[in-house]
Amino acid sequence: MDIEASYILGAIAVGIGATLVMDLWNLFLKRMFSIPSLNYCLVGRWLRHMPGGTLRHASITAAPQKPFECTVGWIAHYTIGVVFALVFVVLTSGDWLARPTLLPALLYGIGTVLFPFFIMQPSFGLGIAASRTPKPTQARLKSLVTHTVFGVGLYVCALGVSSVLQHTW
């Protein structure tokens, strides 16, 4: 396997792993503090409405349910995590994947919070950066911490991938 294919496969593994770390964090918050996570079925509902031309909703929870929205939502969630990881590895020229360091992954993870703040939350009817939610500051903080955990997950998972990469060269 050539180096670039290793980086791509490594980035995919890191993306899946970092998304799983984020999900475990959200499960921890739910079980220990009764803090709910994003319902990925709503992500699927949002995506399933797109082919009909609806990109923004007044309230995604009030939008009609669509078949397979939960499956679509969970697949999209992990696909987004993989795409974020692939972009990160491309931005770091793949060198980071071979020798991961925490700070770039952490900063990138924090940066990915722009996606929910400016795309998903407004499209769900929640306003920019959750401005239309009952507790916007709490929602923003939860999003920020969750995406920070994603960044930590990128780093932790890359440590495992880097050891595998070193053995394949």
Side-chain angles (χ1 to χ4, degrees), residues 1-29 37-51 55-57 60 69-124 126-130 139-169:
M1 184 180 309
D2 65 9
I3 291 175
E4 287 196 25
S6 295
Y7 281 156
I8 291 169
L9 291 174
I12 291 169
V14 167
I16 291 169
T19 305
L20 181 60
V21 168
M22 188 173 74
D23 288 340
L24 291 172
W25 169 254
N26 284 323
L27 183 61
F28 168 77
L29 290 177
S37 179
L38 171 62
N39 179 347
Y40 294 107
C41 297
L42 297 177
V43 174
R45 184 175 301 172
W46 175 53
L47 293 170
R48 294 280 289 123
H49 277 276
M50 285 183 183
L55 304 178
R56 295 182 56 135
H57 298 265
I60 192 67
E69 64 184 35
C70 291
T71 302
V72 169
W74 277 99
I75 291 170
H77 171 57
Y78 274 83
T79 301
I80 291 166
V82 166
V83 169
F84 279 160
L86 284 165
V87 169
F88 182 62
V89 169
V90 167
L91 290 173
T92 59
S93 308
D95 292 337
W96 177 86
L97 193 58
R99 290 173 298 289
T101 54
L102 178 60
L103 187 60
L106 195 59
L107 294 174
Y108 183 77
I110 291 168
T112 63
V113 81
L114 295 174
F115 184 73
F117 278 3
F118 296 104
I119 296 173
M120 293 184 73
Q121 291 169 355
S123 297
F124 285 17
L126 302 173
I128 292 174
R140 291 174 189 140
L141 184 58
K142 184 176 181 308
S143 292
L144 181 61
V145 171
T146 297
H147 282 257
T148 302
V149 169
F150 177 76
V152 171
L154 287 172
Y155 171 68
V156 169
C157 295
L159 289 174
V161 166
S162 70
S163 67
V164 171
L165 286 175
Q166 290 172 4
H167 290 85
T168 60
W169 293 339

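Smallest separation of non-hydrogen atoms from A18 and G153: CB-C, 3.6 Å. Contact between R140 and F117 at its shortest, heavy atoms only, is O-CZ, 3.8 Å. Nearest heavy atoms, F150 versus G81: CZ-O, 3.8 Å. Taking all atoms of both residues into account, the shortest heavy-atom contact from A98 to S162 is O-CB, 3.3 Å. Between E69 and R45, the shortest heavy-atom distance links the atoms OE2-NH2, 2.7 Å. For H147 against P116, the heavy-atom pair with the smallest separation is NE2-CG, 3.5 Å.
Here the CG atom belonging to L42 is positioned 11.0 Å from the CG atom belonging to L47, to the nearest 0.5 angstrom. We find the CG-CD1 distance between L97 and I8 to be 11.0 Å, quoted to the nearest 0.5 Å. Y7 contributes atom OH, which lies 5.0 Å from atom CG of D95 (distance to the nearest 0.5 angstrom). Rounded to the nearest 0.5 Å, atoms CG (L91) and OH (Y108) are 6.0 Å apart. Taking CD1 from I75 and CD1 from I80, the interatomic distance works out to 12.0 Å, rounded to the nearest 0.5 Å. The line from CH2 of W96 to CZ of F88 is 4.5 Å long, rounded to the nearest 0.5 Å.
Within 6.0 Å of CG in L102 there are more than 12 heavy atoms belonging to other residues, nucleotides or ligands.
W25 is not listed as a side-chain neighbour of T148, based on a closest heavy-atom distance of 4.5 Å or more.
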Report task. Show your working on side chain to side chain contact (heavy atoms under 4.5 Å, CB included) between K142 and N26 and close with a plain yes or no. Result -> CA-CA 10 Å; K142 184 176 181 308; N26 284 323; 3.1 Å; yes

**Report entry** side chain to side chain contact (heavy atoms under 4.5 Å, CB included) between F124 and V43, intermediate numbers included
**Finding:** CA-CA 9 Å; F124 285 17; V43 174; 4.0 Å; yes

**Report entry** Stepwise side chain to side chain contact (heavy atoms under 4.5 Å, CB included) check, F28 with V149
**Finding:** CA-CA 12 Å; F28 168 77; V149 169; over 6 Å; no

Query raised in the report: Where do I16 and I12 land on the side chain to side chain contact (heavy atoms under 4.5 Å, CB included) test, with the steps shown first?
Result: CA-CA 6 Å; I16 291 169; I12 291 169; 4.0 Å; yes

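No donor-acceptor distance shorter than 3.5 angstrom exists from the side chain of Q121 to the backbone of L126, with no hydrogens or angles considered.
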